[in-house]
A.B. asks: 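Below are the structure tokens for one structure; questions will follow.
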Amino acid sequence: MAIPGPDVVRALRGIVGDTHVLTEPDVAASYLTDWTGTWTGEAAVVRPADTAEVADVMRACAAHSVAVTPQGGNTGLVGGSTPTPGDDRPWVLLSLRRLDTVGDVDSQGRCVGAGAGATLASVHAAAAGAGLAFGVDLAARDSATIGGMVATNAGGIRMIRHGDTRAQVLGIEAVLPSGDVFTRWRPLRKDNVGYHLPALLAGSEGTLAVITRVLLRLVPAAARTAVALVGTVDVAAAQRVTRSIEASGRLIEAAEIMTRAGVDLVAAAGVRAPFDSGTTLLVETAGDTGDLSEALAAAGSDVVDAVVEAGPAREAWRLRESHTETIARSSTTPVVKLDVSVPLDRVQDLVDRVDRLAAAAGVRAVQFGHLGDGNIHVNLLDVPLDDQCTAADRVLRMVADLGGSISAEHGIGRAKAASVGLGRDDVDVAAMRAIKSALDPCGIMNPGAIFADP
Ligand SMILES: Cc1cc2nc3c(=O)[nH]c(=O)nc-3n(C[C@H](O)[C@H](O)[C@H](O)COP(=O)(O)OP(=O)(O)OC[C@H]3O[C@@H](n4cnc5c(N)ncnc54)[C@H](O)[C@@H]3O)c2cc1C
């Protein structure tokens with residue numbers, strides 16, 4: 001009974017129009033399986049056109065106790081954007097993709113309003129058209145939406161420079177589970193009137209409200225960028241190189257790490273790797289402070305090999321950005337994907353421990369990520385299906401043991417819901433549950449995400 005009964009479907013069709021309620025499994029399929037292919041649920045797919053329709057849909061769902069999973073680009077990597085598999089309560093998959101308007105850039109106030117369904121690429125284009133930039137970027141930019149990015153508090157490749165998505169949110173419009181519309185929409189850099197509800201919705205993963213519009217902070221576009229691919233013997237050496245470049249007065253726009261296993265995989269898939277090295281650092285800098293090669297020379301023997309190009313250096317970035325998709329195609333079983341962070345002085349330790357764990361288990365490990373943030377994407381390939389939960393649990397415990405976080409930037413979703421206790425203590429979890437109950441007393445918002453039990 002995951003598709004709501006005929007009366008509810010009729011009411012939903014009355015709100016959004018017949019063609020925007022999908023109940024045929026074939027037509028709805030692409031919405032109901034997540035990007036990793038691991039999570040598939042059942043639901044009626046509903047595609048509202050604007051905030052008023054979202055509010056009416058939420059009122060109808062609340063009145064009939066229908067569960068709702070909001071969805072943007074469906075590029076999330078933790079099973080948060082599709083209904084819980086095997087859960088037979090009536091369910092609506094609420095696609096926000098039609099809310100894709102990007103407003104005019106306010107060049108003076110350095111901000112832009114965007115609908116929840118606007119893609120990241122469309123916001124980048126609007127900002128660039130006004131000579132500005134949006135401070136968050138990630139490889140899924142052509143599909144990931146602003147609503148999904150706020151809901152997951154996405155990090156990405158520029159986080160070292162501009163912070164996470166939460167830090168870019170100046171205002172928000174969202175529909176509460178009751179259907180009431182919450183709006184805080186002022187282009188103010190400072191506004192301390194009570195609780196910061198937009199910040200609370202950032203990272204809420206569809207469990208508190210449906211985000212419909214976001215007022216985004218813009219930043220000056222980076223000038224005179226340069227990109228270096230640097231071969232180093234290990235991760236610790238790559239960290240020293242990054243610090244040395246920083247000490248030379250350059251602004252670090254991105255500092256990404258790729259281990260040998262990932263570079264080899266991507267190179268075998270046809271992307272050019274400039275040299276053979278244990279570890280590859282991709283570093284992008286901005287500012288007119290001379291040749292980046294000179295700063296690399298100052299890093300001494302930590303640099304084994306290096307190539308430097310003027311930005312945007314798309315070919316160099318392709319080596320890094322091809323990782324997620326290439327890894328997904330290269331495993332004989334679904335990839336065990338874990339997005340974790342550890343204190344900066346423990347990153348080498350984590351990478352070594354994961355490699356040892358994989359070798360002992362006879363599986364392949366590919367590790368890469370956002371070095372400047374201590375954020376490593378751990379991918380275990382060819383793990384037999386029966387061993388996947390144990391493998392994931394061992395890595396997450398290892399991360400907790402190193403003083404790290406079991407979710408750096410992808411969120412908890414359903415994939416890590418059972419492990420929340422490894423990242424937060426009992427009082428903390430109880431406070432989060434109290435917030436959830438206050439905003440969503442009937443528990444209809446994305447049940448199973450963040451909290452395994454409702
Ligand atoms: C190739 C690739 C590279 C990636 N790189 C990065 C990276 O560098 N950094 C990073 O952080 N992530 C990365 N991701 C993960 C993903 O792109 C982000 O999590 C992104 O923010 C998800 O946006 P989305 O629109 O696809 O959201 P979805 O996948 O549709 O949804 C994700 C979560 O947000 C909720 N949600 C979606 N829209 C709304 C809304 N309007 N209101 C309320 N809740 C909503 C959903 O219920 C779900 O819980 C990558 C993914 C891929 C495939």
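Numbering of ligands and ligand atoms starts at 1, following listing order.
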A.B. asks: Please work out whether the ring planes of His377 and His370 are parallel, tilted or perpendicular, with thresholds of 30° and 60°.
C.D. replies: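 His377 vs His370 ring planes: perpendicular.
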A.B. asks: Are Arg110 and Asp106 within salt-bridge range, i.e. N to O under 4.0 Å?
C.D. replies: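 No, Arg110 and Asp106 are not salt-bridged.
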A.B. asks: Using a 4.0 Å cut-off to any heavy atom of Thr152, which atoms of ligand 1 qualify?
C.D. replies: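 That gives atoms 19 (O), 20 (C), 21 (O), 32 (C), 33 (C), 34 (O) of ligand 1.
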A.B. asks: When you check the side-chain N and O atoms of Glu205 and Asn153, is any donor under 3.5 Å from an acceptor?
C.D. replies: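 No, no side-chain donor-acceptor contact under 3.5 Å.
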A.B. asks: Under a 4.0 Å N-O cut-off, is there an ion pair linking Arg158 with Glu284?
C.D. replies: yes
A.B. asks: Return a yes/no value for Arg320: is any of its N or O atoms, backbone included, closer than 3.5 angstrom to an N or O of ligand 1?
C.D. replies: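 No - when backbone and side-chain N and O of Arg320 are compared with those of ligand 1, no distance drops under 3.5 Å.
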A.B. asks: Which atoms of ligand 1 have any heavy atom of Ala154 under 4.0 Å away?
C.D. replies: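 Answer, ordered by atom number: 11 (O), 21 (O).
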A.B. asks: Give me the nearest non-hydrogen protein atom to atom 12 (N) of ligand 1 as residue plus atom name, then the distance to 0.1 Å.
C.D. replies: His410 CD2, 3.4 Å
A.B. asks: Scan side-chain atoms only and decide if Ser405 and Ser407 contain a donor-acceptor pair under the 3.5 Å cut-off.
C.D. replies: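 Distance-only check fails for Ser405 and Ser407.
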A.B. asks: Please determine whether any non-hydrogen atom of Gly413 lies less than 4.0 Å from an atom of ligand 1.
C.D. replies: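 Per 4.0 Å heavy-atom rule, Gly413 does not contact ligand 1.
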A.B. asks: Of all the non-hydrogen atoms in the protein, which one sits nearest to atom 37 (C) of ligand 1, and at what distance?
C.D. replies: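 Ranking protein heavy atoms by distance from atom 37 (C) of ligand 1, first comes Gly148 CA, 3.5 Å.
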A.B. asks: Of all heavy-atom pairs between Pro220 and Leu132, which one has the smallest distance, and what is that distance?
C.D. replies: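 Distance-wise, the nearest heavy atoms are CA-CD2, 4.1 Å.
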A.B. asks: Atom CZ of residue position Arg394 - does it have more than 12 heavy atoms of other residues, nucleotides or ligands inside 6.0 Å?
C.D. replies: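 Incorrect, the count does not exceed 12.
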A.B. asks: Between Glu315 and Arg318, is there a side-chain N and carboxylate O pair less than 4.0 Å apart?
C.D. replies: yes
A.B. asks: Would you kindly say whether Asn375 and Asp339 are connected by a side-chain donor-acceptor distance under 3.5 Å?
C.D. replies: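 Indeed, the side chains of Asn375 and Asp339 share at least one donor-acceptor pair under 3.5 Å.
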A.B. asks: Just which atoms of ligand 1 are under 4.0 Å from any heavy atom in Leu96?
C.D. replies: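 Those of ligand 1 that fall under 4.0 Å from Leu96 are 41 (N).
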A.B. asks: Is there at least one pair of N or O atoms, one from Glu409 and one from ligand 1, spaced under 3.5 Å apart?
C.D. replies: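 The answer is yes, given that Glu409 and ligand 1 share an N or O pair closer than 3.5 Å.
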A.B. asks: Does an N or O from Ala139, backbone or side chain, lie closer than 3.5 Å to an N or O of ligand 1?
C.D. replies: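 No - when backbone and side-chain N and O of Ala139 are compared with those of ligand 1, no distance drops under 3.5 Å.
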A.B. asks: Does this structure show an ion pair linking Asp453 with Arg433, if we count only N-O contacts that are shorter than 4.0 Å?
C.D. replies: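 Here Asp453 pairs with Arg433 in a salt bridge, since their nearest N and O are under 4.0 Å apart.
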A.B. asks: Considering the heavy atoms of Ala140, write down every atom of ligand 1 situated less than 4.0 Å from one of them.
C.D. replies: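 In order of number, 2 (C), 3 (C), 17 (O), 51 (C), 52 (C).
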A.B. asks: Could you tell me whether some N/O pair between Thr324 and ligand 1 is separated by less than 3.5 angstrom?
C.D. replies: no
A.B. asks: Does only the side chain of Asn446 get under 4.0 Å from ligand 1, or the backbone, or both, or neither? Count heavy atoms.
C.D. replies: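 For Asn446, the contact with ligand 1 is made by the side chain alone.
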A.B. asks: Output yes when the distance from some N or O of ligand 1 to some N or O of Pro70 is under 3.5 Å, and no in every other case.
C.D. replies: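 There is such a contact, yes.
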A.B. asks: Check each of Ser407, Ala118, Gly156 against atom 8 (O) of ligand 1 and report the one with the nearest heavy atom.
C.D. replies: Gly156
A.B. asks: Identify whether NZ of Lys or CZ of Arg in Arg414 sits under 6.0 Å from the centre of the six-membered ring of Trp39 and within 45° of that ring's axis.
C.D. replies: no
A.B. asks: Under 3.5 Å, is there a donor-acceptor pair between the Arg97 and Tyr31 side chains?
C.D. replies: no
A.B. asks: Are any of the N/O atoms on Thr75, whether in the backbone or the side chain, positioned under 3.5 angstrom from an N/O atom of ligand 1?
C.D. replies: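 The answer is yes, given that Thr75 and ligand 1 share an N or O pair closer than 3.5 Å.
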A.B. asks: Can you find an N/O atom of Gly72 closer than 3.5 Å to an N/O atom of ligand 1?
C.D. replies: yes
A.B. asks: If the contact criterion is a heavy-atom separation under 4.0 Å, does Ala209 count as touching ligand 1?
C.D. replies: yes
A.B. asks: For ligand 1, which atoms have a heavy atom of Met149 less than 4.0 angstrom away?
C.D. replies: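 Result: 21 (O), 23 (O).
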A.B. asks: Do Asn74 and Ser81 have side-chain N/O donor and acceptor atoms under 3.5 Å apart?
C.D. replies: yes
A.B. asks: Would Asn74 count as a contact residue for ligand 1, given that I'm defining contact as a non-hydrogen atom of the residue lying under 4.0 Å from a ligand atom?
C.D. replies: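 The answer is yes, since Asn74 has a heavy atom less than 4.0 Å from ligand 1.
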A.B. asks: Using a strict 4.0 Å cut-off to heavy atoms of Ala116, name the atoms of ligand 1 that fall inside it.
C.D. replies: 41 (N)
A.B. asks: Report yes if some N/O of Gly155 lies less than 3.5 Å from some N/O of ligand 1; otherwise report no.
C.D. replies: yes
A.B. asks: Can you name the atoms of ligand 1, numbered from 1 with element, that are less than 4.0 Å from a heavy atom of His370?
C.D. replies: 8 (O)
A.B. asks: Would you mind running through ligand 1 and noting each atom that sits below 4.0 Å from a heavy atom of Gly76?
C.D. replies: 26 (O), 29 (O)
A.B. asks: Going by atom types only, do Thr207 and Asn446 share a side-chain donor-acceptor pair under 3.5 Å?
C.D. replies: no
A.B. asks: Is it the side chain, the backbone, both or neither of Leu77 that has a heavy atom closer than 4.0 Å to ligand 1?
C.D. replies: side chain
A.B. asks: Using only heavy-atom distances, determine whether the side chains of Glu173 and Thr51 contain a donor-acceptor pair under 3.5 Å.
C.D. replies: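 The answer is yes; a qualifying pair exists.
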A.B. asks: Using distance alone, determine whether Thr69 and ligand 1 share an N or O pair under 3.5 Å.
C.D. replies: no
